[in-house]
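Note that the numbering runs from 1 along the sequence shown for the chain. All ligand and atom numbering here is 1-based and tracks the order in the structure.
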Amino acid sequence: MGANFNFNSYPYRYIASFENNEWTETMEELPNKGAQAEANMDAEELSKLLSARNAIGQLPLVNYTTQYGLGCFEGLKVYPQKDGSLAFFRIDANAQRFYNSMKGLRMPPFPKEKFIPVVRELVSKSQALGYCPSYDEEWEKSDFVSATGIYVRPFTYSESGIGVNFCEYPTVIMVAADVGAYFDIKGTPSILVSNKIRASPNGTGWIKTAANYTISTLAKNDAIERGFTECLFLDSRHQKFVEEGSSCNIFFVLNNGNVVTPALGDTVLPGITRDSVITLLSDQNIPIVERDISIEEVFDSAVECFTTGTAVGVSFFGELEYNGKKKIFGDKTTGPVTKQMLTTLKHIQHGLIEDKYNWVLPL
Ligand SMILES: *Cc1c(COP(=O)(O)O)cnc(C)c1O
């Protein structure tokens, strides 16, 4: 992911291997000196220690994940709360999507009921050694764009093998780390329409699989090299309808007041932030429609554009470019609907306003 998204693992790692029809689980403590002592280490030594924490010795090197991208993952955050505690946001939805992804890749799925207790243990143990950020009132001034959270990354890894085969004996690994702002933005955030195809019908676009990310990485880096913040994919058949960003869903506010986001088919990733924003919009009586939206319609009618995802939150774009043509949204700053969604979502996630949806679960 971006330059702001290095992975400096907390000192615990969960590993579960599926064999003989059951999951064998371990919670490993990784090399560490405790958060306090690490804060005072010199950069080179710390970097060695962090590299050791992000290495793994016991898993097969040549396998379907390392060779063919046959693996899936989740990304979820634990949010520091205004009252000093930590809380999950819709973690049950991550457990369900991880299950769906593994089934979609024809692996024995990870039991949903194990997911929350494991993440809870992983984070609590790290917190006990002094890791994990705590709430900072300064974040309120930036609508939490500057907030630090805890990012948890569960993923699968296959058994040894070089043939083109399904993974029958997956290993599930979960790691966690501090995470700050996602996009490295200088000036107006901008999005470049890519001519690459991220997902096609009957494919894997709906699965959070490693395989999808090769194209996303290429397209995003093309965009960054040309001075843009993010890339935007169009549908594979017509190269006409907007689908999503490299790792985020997209919304447009139109000049008639409607908000449109591409409908979920099998080519758009069912984002949990996307789903949450749809709920918030309808509850605030802002008309939200899930339907196809062509790039022409974006040029003709859109006045705001924002993307959603666990890592990006709600992130506005001031400019879009397609085939050399530029589209400017509003006055190139966060528009009113984007701002309302950003604030409401962050305030729920960090425990500033009532969570009437039961989305927030204490750690
Ligand atoms: C993870 C992801 C999203 C966002 O999903 P959230 O559940 O909101 O984090 C969107 N698009 C792609 C391709 C993704 O991998």
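V78 and L129 fall within a single hydrophobic cluster, where Ile, Leu, Val, Met, Phe, Trp and Tyr side chains are chained together by heavy-atom contacts under 4.5 Å. Taken together through direct or relayed side-chain contacts under 4.5 Å among Ile, Leu, Val, Met, Phe, Trp and Tyr, V277 and V303 form part of one hydrophobic cluster.
Atoms of ligand 1 lying under 4.0 Å from at least one heavy atom of R97, given by number and element, are 5 (O), 6 (P), 7 (O). The atoms of ligand 1 that sit less than 4.0 Å from any heavy atom of G309 are 4 (C), 8 (O), 9 (O). Applying the 4.0 Å criterion to heavy atoms of G271 picks out, from ligand 1, the atoms 5 (O), 6 (P), 7 (O), 8 (O). Each of the following atoms of ligand 1 lies closer than 4.0 Å to a heavy atom of E244: 10 (C), 11 (N), 12 (C), 13 (C). Interface of T310 with ligand 1, defined as ligand atoms under 4.0 Å from a residue heavy atom, comprises 6 (P), 7 (O), 8 (O), 9 (O).
Ion pairing between a basic and an acidic side chain is recognised when a charged N comes within 4.0 Å of a carboxylate O; K327 and E321 show no such pairing. With respect to E74 and R153, no salt bridge is recorded, no charged nitrogen being found less than 4.0 Å from a carboxylate O. No salt bridge links K240 with D292; every basic N to acidic carboxylate O contact stays at or beyond 4.0 Å. Of the charged side-chain nitrogens involved, none lies within less than 4.0 Å of a carboxylate oxygen, so that K114 and E121 do not count as a salt-bridged pair.
At a 4.0 Å cut-off, not a single heavy atom of G75 sits close enough to ligand 1 to count as contact.
Under 4.0 Å from ligand 1, the heavy atoms of Y213 that appear belong solely to its side chain. Using a 4.0 Å cut-off between heavy atoms, T273 contacts ligand 1 through both its backbone and its side chain.
In terms of polar-atom proximity, I272 is counted as a contact of ligand 1, with an N or O under 3.5 Å from an N or O of the ligand. Some N or O of K208 is nearer than 3.5 Å to an N or O of ligand 1, by distance alone.
Checked by atom type, the side-chain pair E25/Y14 shows a donor-acceptor distance below 3.5 Å.
Closest protein heavy atom to atom 3 (C) of ligand 1: S247 O, 3.4 Å.
Judged as a side-chain contact (heavy atoms from CB on, under 4.5 Å), and not counting sequence neighbours, the contacts of A177 are F7.
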